[in-house]
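Reading through the structure tokens given below for one structure.
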Amino acid sequence: MAAAPEEFPTDPAAAREVQEGLRQRVRLEPYHGPVERVAGVDAAFLGDQVVAVVVVLRFPELTVEEEAVAVRPVPFPYVPGLLSFREGPAVLEVFRAVANPPDLILFDGQGIAHPRRLGIAAHLGVLLDRPAIGVAKSRLTGTFDEGALGAEKGARVPLTEAGEVLGAVVRSRTNVRPLFVSPGHRCDADSAVDWTLACCTRYRLPEPTRLADRRAGEHKRERRSHG
DNA sequence: GCGACAG
DNA sequence: ATCTTGTCGC
């Protein structure tokens with residue numbers, strides 16, 4: 001069954017209203033697991049199509065247990081702050097193909113570190129009703145003390161806005177650009193950072209998100225050459 | 001009015 | 001996000 005149209009409007013103004021309503025369903029609380037499965041989600045674009053990928057890993061082994069792909073037409077333009085309306089429908093569809101529900105989900109984007117506190121990880125975390133974390137490669141909103149952020153892996157400094165803690169800027173690897181981690185749903189800033197770091201090995205991106213990103217690229221490549 | 005702006 | 005090879009540096 002397709003998502004109800006009112007949940008994913010085609011109009012930016014209506015989309016912002018949906019966010020204002022859903023933000024009230026976000027639950028910020030410590031999350032201590034236990035985690036047996038961690039999923040990574042990512043989306044890629046090919047022409048007018050969205051390629052959504054979810055990779056489920058075993059934790060703490062971080063070995064791939066299953067993956068799924070969904071392709072759908074792009075439903076919304078890219079508008080800063082409304083990313084989930086562009087990738088959300090495809091992501092929800094790909095999750096319907098996942099056999100074992102993951103205990104935790106890592107998204108490529110913001111959690112509550114968003115203008116209306118409903119980045120893609122918060123939005124989809126609520127709809128999927130699962131602990132979710134936003135792991136973004138760059139900042140959308142919020143400020144942080146750049147000088148206070150150490151260069152060593154594990155270093156972190158709070159990302160705030162008007163005194164509110166939105167998440168943290170985290171060094172996932174020594175001497176690499178930091179990640180912007182924020183809770184999406186059913187976790188808080190500290191646990192979000194801890195779980196994210198627990199999924200980081202030798203790369204800047206945590207394994208779940210990194211593998212989903214790689215898989216999305218592979219599917220695009222083969223889909224581009226064939227039919 | 002002038003920037004900033006996840007992917 | 002996407003168009004794209006080799007190359008510099010830890």
Position toward the 5' end of DNA chain C (nearest nucleotide), Arg173(A) or Phe45(A): Phe45(A)
Choose from dC3(C), dT2(C), dA6(B) the nucleotide whose nearest atom is closest to any side-chain atom of Lys220(A). dT2(C)
Any side-chain donor-acceptor pair under 3.5 Å between Asp194(A) and Ser191(A)? no
OP1 or OP2 of dG7(B) versus the side-chain N and O atoms of Ser138(A): is any pair under 4.0 Å? yes
Assert: residue with more 5' nearest nucleotide on DNA chain C, out of Asn175(A) and Asp213(A), is Asp213(A)
Over 60° means perpendicular and under 30° means parallel, so tell me whether Phe8(A) and Phe85(A) are parallel, tilted or perpendicular. perpendicular
If you check every side-chain atom of Lys137(A), which of dA4(B), dA1(C), dA6(B) has the closest atom? dA1(C)
Do any side-chain nitrogens or oxygens of Arg139(A) fall under 4.0 Å of OP1 or OP2 in dA6(B)? no
Find the distance Asp108(A):CG to dG7(B):C1' and express it as a whole number of Å. 7 Å
With Glu218(A), which of Lys220(A), Arg215(A), Arg221(A) fulfils side chain to side chain donor-acceptor pair (under 3.5 Å)? Arg215(A)
In terms of side-chain geometry, is the basic nitrogen of Asp129(A) or Arg25(A) positioned less than 4.0 Å from the acidic oxygen of its partner? no
Check for me: is Tyr78(A) stacked on dA1(C) by the 5.5 Å centroid and 30° plane-angle rule? no
